[in-house]
Amino acid sequence: MKTIDELLSEGVAGKRVFVRADLNVPLDGTTITDDGRIRAVVPTVKALADAGARVIVASHLGRPKGAPDPAFSLAPAAARLGELLGAGVAFAEDTVGSSAEAVVTGLADGGVAVIENLRFNAGETSKDDAERAAFADKLAGLADVYVGDGFGAVHRKHASVFDLPKRLPHYAGYLIATEVGVLKKLTDEVKRPYVVALGGAKVSDKLAVIDQLLGKADRLLIGGGMAYTFLKAKGYEVGISLLQEDQIPAVQEYIERAEKNGVELVLPVDVLVAPEFPDLKTKAPANPTTVAADAIPADQEGLDIGPETRKLYASKLADAGTVFWNGPMGVFEHPDYAEGTKAVAQALVDAPGFTVVGGGDSAAAVRTLGFDENAFGHISTGGGASLEYLEGKTLPGLAALED
């Protein structure tokens, strides 16, 4: 995989460089609530611009249905990128139409432009190879060189991620190089004890990675909504908690395999429960009750790990040589259910080894809860991509850069 440093050494002044970034940031209307992914691509964009390249930044945002939708416009992300660069950033109101062509043509050496949401064109995400290829051909017409730096999208076989690099000289940006280096530390260069903390809503999203980790990790800590499927698999009452009953047989098999393999599988010993899901807009007091994990009332819903579980999980992380954490421990967006996630984040800060926050909601949580990002070994920009890499899958966006 060629890197951006090799591209810079070859010279980029005057060249049109297409940077596939990941500007898929959360928005409240047009207000960005977490700009972490934009900040992550700044080193690549700045290095190219400083070297005189004409930089075309492209990304998706959200899940528009293959047509323009103002709610998913990249305009706010383009404005924020300009603020972070300390320079003007042009914005094209389409992807490969007249606006994009005019904006790219108007770029001076060292100039930066952002084109509109790639997913406004159905060819970006099409499962039809020909339709994707046709869109990739149009994108290729905008540029001379391709730089892949949107790690959060490399597990997608999309036109700008998979097909476009094949049409242009291609290189990995600083972010992707960093992310791949970190993932190798979680697979090939692991320092032990290797502790993995998994949370989030659905156990089905994590089954494949658990399957892999049962042969690699020393300890697995389970929290979040997925924990209740594990508790149910042990025969516990989980009330009206989030539950995937169809996954219980698989979870039971994993519990047995963990014991057989000598992997310590740690489940909550107590949880915070309430009769209904909290109001995340008003953040009205929820007044939860703490109960033992095997004593959840039938009319109550588990929404966070309890104080004893927080202490337990912190103790299991205290001597870790390597930690990977993906998924919050509870409904961290509400202050009454944020303490479990906060405790795990603090335990990572205190851990002596290399700590990785695996993107997605976990990355959002550490920022929302006020943690210093530099206190962690690495905060990934791609939760789904990280998980699929750890599952052993071939990621289309990385494979395209390696060709």
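Along the sequence shown, the residues carry numbers beginning at 1.
- Without hydrogens or angle criteria, S362 side chain to G327 main chain gives a donor-acceptor distance under 3.5 Å.
- With 3.5 Å as the limit, one finds no donor-acceptor pair spanning the side chains of R20 and H170.
- Side chains of T44 and D149: a donor on one and an acceptor on the other come within 3.5 Å.
- Under a 3.5 Å cut-off, the side chain of E308 and the backbone N or O of V269 do not form any donor-acceptor pair.
- At least one donor-acceptor pair closer than 3.5 Å links the side chain of E237 to the backbone N or O of G239.
- Within the cation-pi definition used here (under 6.0 Å to the ring centroid, within 45° of the axis), K185 qualifies as a partner of F354.
- You'll find the side chain of R54 stays beyond 4.5 Å of the side chain of V17, heavy atoms only.
- What you find for Y146 and L401 is that their closest heavy atoms are CE2-CD2, 3.9 Å.
- D294 contributes atom CG, which lies 9.0 Å from atom CG of L231 (distance to the nearest 0.5 angstrom).
- H334 places a side-chain N or O within donor-acceptor distance of the main-chain N or O of D336, the cut-off being under 3.5 Å.
- For the 3.5 Å distance criterion, the side chains of D270 and T309 qualify, holding a donor opposite an acceptor.
- S126 and E131 form a side-chain donor-acceptor contact under 3.5 Å, judged by distance and modelled atom types alone.
- The structure places CG of L61 at 7.5 Å from CZ of F72, a figure rounded to the nearest 0.5 Å.
- Here the side chain of D304 pairs a donor or acceptor atom with the backbone of G340 at under 3.5 angstrom.
- No side-chain donor-acceptor contact under 3.5 Å links T229 and Q247.
- Contact check on D319 versus R219 returns a salt bridge, with a Lys/Arg side-chain nitrogen under 4.0 Å from an Asp/Glu carboxylate oxygen.
- Pairing each heavy atom of V103 with each of F91, the nearest pair is CG2-O, 3.8 Å.
- Proximity of L139 to I115: side-chain heavy atoms (C-beta onward) are separated by under 4.5 Å at one or more points.
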Q. Under the side chain to side chain donor-acceptor pair (under 3.5 Å) criterion, do Y254 and E259 qualify, and how do the steps go?
A. CA-CA 9 Å; Y254 286 168; E259 185 174 358; over 6 Å; no
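- For the residue pair Y174/E179, the side-chain donor-acceptor check at 3.5 Å is not satisfied.
- For the residue pair V161 and A153, the shortest heavy atom distance occurs at CG1-O, 3.6 Å.
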